[in-house]
Amino acid sequence: MSIETIIQKATVEAVKTLYAAEVSEKQVQVQNTRKDFEGDITIVVFPFLRLSKKSPELTAEDLGQYLTEKVELIDSFNVIKGFLNLVVSKDYWLGILTESFGNENYGFQQTGEDSELVMVEYSSPNTNKPLHLGHIRNNLLGHSISEILKANGKKVIKTNIVNDRGIHICKSMYAWKQWGNGETPESSGMKGDHLVGKYYVEFDKHYKAEIAELVEGGMEKEEAENQAPSIIAARELLRKWEAKDEETVELWKTMNGWVYKGFDVTYKTLGVGFDKIYYESDTYLVGRDEVLRGLDEGMFFRKEDNSVWADLTGEGLDQKILLRSDGTSVYMTQDIGTAKMRFNDYPIDKMVYVVGNEQNYHFQVLAKLLDKLGFKWGNDLYHFSYGMVELPSGKMKSREGTVVDADDLVEGMVQVARDMSAELGKLDNLSEEESENTFRMIALAALKYFILKVDPRKNMMFNPEESIDFNGNTGPFVQYTYARIKSVLRKSAEKNITISDSIGVESISVKEKELLKRISLFPSVVTEAGDNYSPAVIANYCYELVKEFNQFYHDHSILGETDENIRNFRLLLASSVSSVIQKGMGLLGIEMPERM
RNA sequence: GCCUCGGUAGCUCAGUUGGAUAGAGCAACUGCCUUCUAAGCAGUAGGUCAUGGGUUCGAAUCCCGUCCGGGGUACCA
């Protein structure tokens, strides 16, 4: 039981005894004592004044005396205004160390047979262009939230729905046929997804030129957009694809194959992966059948032009199209089909969609539709809605080339890590392979931490020039602290010092106690991150922890300490901190180097 | 227009179910490496928490209005 809970329970008793009144544990407001006051845990007494019919100070005195007397773990108390500050005994804090040291599961809940099964969808790329910074945020959030859910005792299946069909890929296909001269990843040395993306841009260039020409010839812009030869050709390809035209399907397979190979490299670099991948080309027909079933069963209706709609006006939403007048599927149709396939494949308890906040409305509608169609988790699907990544130049647009490419970004950061390490003269005695591996680790830590430390729901700013930082509140700073601890532990092993888990210290310093408090918070931080779907909570916790450790490290010598009991205690403390750092950062998908 | 999310230091961000004097990092300035890694530590400076009301012992936090910005809004995904 945590100290907070113990105090809450005891306070309920105290109020009952002293004032003959009933309060619930939740009504007892406990918080960590501010650093500038003496004490560890503070109770806010204002809510009890009505019951005590005394001043805040006297009420706090009453409660303080009672608690100090009855609760063994409380040593003393002091009162400032309406705040009762309690001093918790050192033995309690030392107990935290016993609990966390060498405990692989500290702070994590285990999964069992009856654990909830959560499916997390993330990434979900289109296959006509390479991944960019926006996808990076999505992938990192998806991967991290999956790990956090696992740490909260859920069974997690990570899934990806690949948008592999539609007009977008046909545009790339047409451009490649037209102007590609048979170029392949092998012949050009280009990564497959970049090659296909190149033709997507190529398409747009020609398309825009054609529109301009038509408009100059006196055509209205809107009509020109529909009459340009390129778009007509792309639409023709889409029709051929839907009709399963052999040559078209073959080209589609080839070009998608290039893209997948490229994506795999990027995913591997980012350290993300999936347990099950779905393809829109498989699911959209299933969706169409579901919609037609809904139509038969009277849940949906058909308009005069043959399009199929759901009427959600009774539930505070609008009417939503489900099948176009020509019978083809829309985005919503595909999501219904994908849901149905997943539902058939797994006994899903909860579905989490990691998708940007521009689709908030879409998921509101999807939840209602799935519910109507009889999926038990439909109504409480969770849309993990995150904000966009903005650049100093404004929003990113693929076609206008204002995107930050994922592969380029990572490579750039690795180079910065390389340069900085060279400048600091670190890692000089490591092998080429080891140091390259470390540069990569550092670069990815910087990138991942930068993105994950901010509240997922908010839009965030990324400045490629300035956001790449390795000092202060950054991933490398956390790694650096870890590497420092590892270095101390290596040196202690070299000196044949064995770390004992029995602690025999008379007193502990303020910094040491602060560190123990931080460690004790880890389990509740993991829970909070899971409840709120927030990797940022973990990131900020790790930062506070390592900041605290660096202060301790600066003020206290570990191996230089002559008192063996104290030295042993500090080694235990450092070791526990390092393992909490590793576990916490692991939830963000960030690896810790042994040295840097 | 309607729906929705946001506005905290020059910049990027934290800020617990409403609690004590609103915190970090970057950038600027000042100190600290013959001592376990200076990617560190300590310090100075920087705030009308967009704005006006309300609720209460107490509001950056809850409610209402206003201003500014992002996103969505029936056959793009």
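The figures that follow rest on heavy atoms only: side chains count, while hydrogens, waters and symmetry mates do not. Only a predicted model underlies this, so the values are computations on that prediction, with no experimental measurement involved. Residue numbers start from 1 in every chain, and the chains themselves are labelled A, B, ... in the order their sequence lines are given, proteins ahead of strands.
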Open item on the list: What's A/V44 touching, base or sugar-phosphate or nothing? Going by heavy atoms closer than 4.0 Å.
Closed with: base
TODO: Determine: side-chain N/O of A/K426 to OP1/OP2 of B/A39, distance under 4.0 Å, yes or no.
DONE: yes
- [ ] Please state the C1' separation for the pair B/G10 and B/G46 - nearest whole angstrom.
- [x] 9 Å
Task: Given B/C41, B/A77, B/A24, the nucleotide with the shortest approach to the side chain of A/Q551 - done: B/C41
Open item on the list: Only pairs with both distances under 3.5 Å count, Watson-Crick or wobble alike; so what is the partner of B/G6 in this structure?
Closed with: B/C68
- [ ] With the side chain of A/K81 defined as its heavy atoms from C-beta on, choose the nearest nucleotide among B/A20, B/A74, B/A14.
- [x] B/A20
Open item on the list: So, does A/N471 get its side chain near the phosphate of B/G40, meaning an N or O under 4.0 Å from OP1 or OP2?
Closed with: yes
Open item on the list: Suppose you measure atom C1' in B/G40 against the same atom in B/U35; what distance do you get, rounded to whole Å?
Closed with: 15 Å
Open item on the list: Which nucleotide wins on minimum distance to the side chain of A/L559, given the candidates B/G40, B/C36, B/A77?
Closed with: B/C36
TODO: For A/F83 and B/A20, say yes or no: do the ring centres fall under 5.5 Å of each other while the ring planes differ by less than 30°?
DONE: yes
- [ ] Taking only the side-chain heavy atoms of A/N473 (C-beta and beyond), determine which of B/G19, B/G25, B/G40 contains the nearest atom.
- [x] B/G25
TODO: Answer yes or no: does a side-chain N or O of A/R484 lie under 4.0 Å from OP1 or OP2 of B/A38?
DONE: yes
TODO: Tell me which nucleotide among B/U37, B/A74, B/A77 gets nearest to the side chain of A/K491.
DONE: B/U37
Task: Distance below 4.0 Å between A/R595 side-chain N/O and B/A39 OP1 or OP2 - done: no
Open item on the list: Does A/S421 contact B/A39 through a side-chain donor or acceptor facing the base, at a distance under 3.5 Å?
Closed with: yes
Task: Side-chain (A/T333) to main-chain (A/V330) donor-acceptor, under 3.5 angstrom - done: yes
Open item on the list: Between B/U4 and B/A24, how many Å separate the two C1' atoms, rounded to a whole number?
Closed with: 30 Å
Task: B/A27 to B/U12 separation - C1' atoms, rounded to the nearest Å - done: 11 Å
Open item on the list: So, under a plain 3.5 Å distance rule, would you say the side chain of A/N85 forms a donor-acceptor pair with the base of B/A20?
Closed with: yes
Task: Stacking of A/W309 on B/A74 base (centres under 5.5 Å, planes under 30°) - done: no
Open item on the list: Does A/Q479 reach a base, just sugar-phosphate, or nothing at all? Heavy atoms under 4.0 Å.
Closed with: nothing
Task: Sugar-phosphate only, base, or nothing, as touched by A/Y361 at under 4.0 Å among non-hydrogen atoms - done: sugar-phosphate
- [ ] Pick the C1' atom in B/U56 and in B/C63, then give their distance to the nearest Å.
- [x] 13 Å
Open item on the list: Considering every strand and a 4.0 Å limit on heavy-atom distances, what is the contact class for A/D455: base, sugar-phosphate, or nothing?
Closed with: sugar-phosphate
- [ ] Measure from the side chain of A/V454, starting at C-beta and using heavy atoms only, and say which of B/A14, B/U37, B/A20 lies closest.
- [x] B/A14
Open item on the list: Categorize A/N463 for me: base, sugar-phosphate, or nothing, with a 4.0 angstrom heavy-atom threshold over every strand shown.
Closed with: nothing
Task: Near-ring test A/F470/A/F477, centroid separation under 6.0 angstrom - done: no
Task: B/C68: syn or anti, per glycosidic angle within 90° of 0 - done: anti
Task: A/K453 side-chain N/O to B/U12 phosphate OP1/OP2 under 4.0 Å - done: no
TODO: Looking only at side-chain atoms of A/Y543, point me to the closest of B/U21, B/A24, B/C75.
DONE: B/A24
Open item on the list: Just checking A/Y19 against A/F48, ring centres under 6.0 Å apart?
Closed with: no
Task: Short side-chain N/O contact from A/S487 to OP1 or OP2 of B/U37, under 4.0 Å - done: yes
Task: Any A/K547 side-chain nitrogen or oxygen under 4.0 Å from OP1 or OP2 of B/G25 - done: yes
- [ ] Check A/N256 against A/T127 and note the closest heavy-atom contact, atom names and distance.
- [x] OD1-OG1, 2.9 Å
Open item on the list: Say we look at B/A77 and B/G19: how far apart would their P atoms be, to the nearest angstrom?
Closed with: 46 Å
TODO: Look at the side-chain N and O atoms of A/Y331 and state whether any lies under 4.0 Å from the OP1 or OP2 oxygen of B/A77.
DONE: no
- [ ] Assess whether ring-ring contact (aromatic ring centres under 6.0 Å, His included) is satisfied between A/Y353 and A/F363, documenting all intermediate values.
- [x] CA-CA 9 Å; A/Y353 292 88; A/F363 281 97; 4.9 Å; yes
Open item on the list: Please give the distance between the C1' atoms of B/A59 and B/G15 as a whole number of Å.
Closed with: 14 Å
TODO: Without swapping roles, check the side chain of A/R570 against the backbone of A/E561 for a donor-acceptor pair under 3.5 Å.
DONE: no
Task: Closest nucleotide among B/C76, B/G70, B/A20 to the A/M388 side chain - done: B/G70
Open item on the list: Considering every strand and a 4.0 Å limit on heavy-atom distances, what is the contact class for A/M420: base, sugar-phosphate, or nothing?
Closed with: base
- [ ] Just compare B/A20, B/A77, B/C36 and give me whichever is closest to any side-chain atom of A/F37.
- [x] B/A20
Task: Plane angle bin for A/H556 and A/F552 - parallel if under 30°, tilted between 30 and 60°, otherwise perpendicular - done: parallel
TODO: Would you indicate which nucleotide in B/A39, B/A38, B/A77 comes nearest to any side-chain atom of A/Y553?
DONE: B/A38
Open item on the list: On the side chain of A/K26, is there an atom forming a donor-acceptor pair with the base of B/U17 - under 3.5 Å, no angle test?
Closed with: no
TODO: Between B/A22 and B/A50, how far apart are the P atoms? Round to whole Å, please.
DONE: 15 Å
Task: Pair partner, B/C36 [Watson-Crick or wobble, under 3.5 Å] - done: none
Open item on the list: At less than 4.0 Å, is any side-chain N or O atom of A/K458 found next to OP1 or OP2 of B/G7? Yes or no.
Closed with: yes
- [ ] Please report the closest heavy-atom contact between A/R595 and A/T438, naming both atoms and the distance.
- [x] O-CG2, 3.7 Å
Task: Donor-acceptor pair (no angle test) under 3.5 Å: A/T42 side chain, B/A20 base - done: yes
Open item on the list: Using a heavy-atom cut-off of 4.0 Å across all strands, would you classify A/I442 as base, sugar-phosphate, or nothing?
Closed with: base
TODO: Scan A/E280 against the nucleic acid and name what it touches under 4.0 Å (heavy atoms): base, sugar-phosphate only, or nothing.
DONE: sugar-phosphate
TODO: Could you tell me whether the side chain of A/Q479 and the main chain of A/E591 form a donor-acceptor pair under 3.5 Å?
DONE: yes
Open item on the list: Applying a 4.0 Å non-hydrogen cut-off, can you work out what A/Q319 is touching in the nucleic acid: base, sugar-phosphate, or nothing?
Closed with: base
TODO: Classify the side chain of A/D555 and the base of B/C41 as holding, or not holding, a donor-acceptor pair under 3.5 Å.
DONE: no
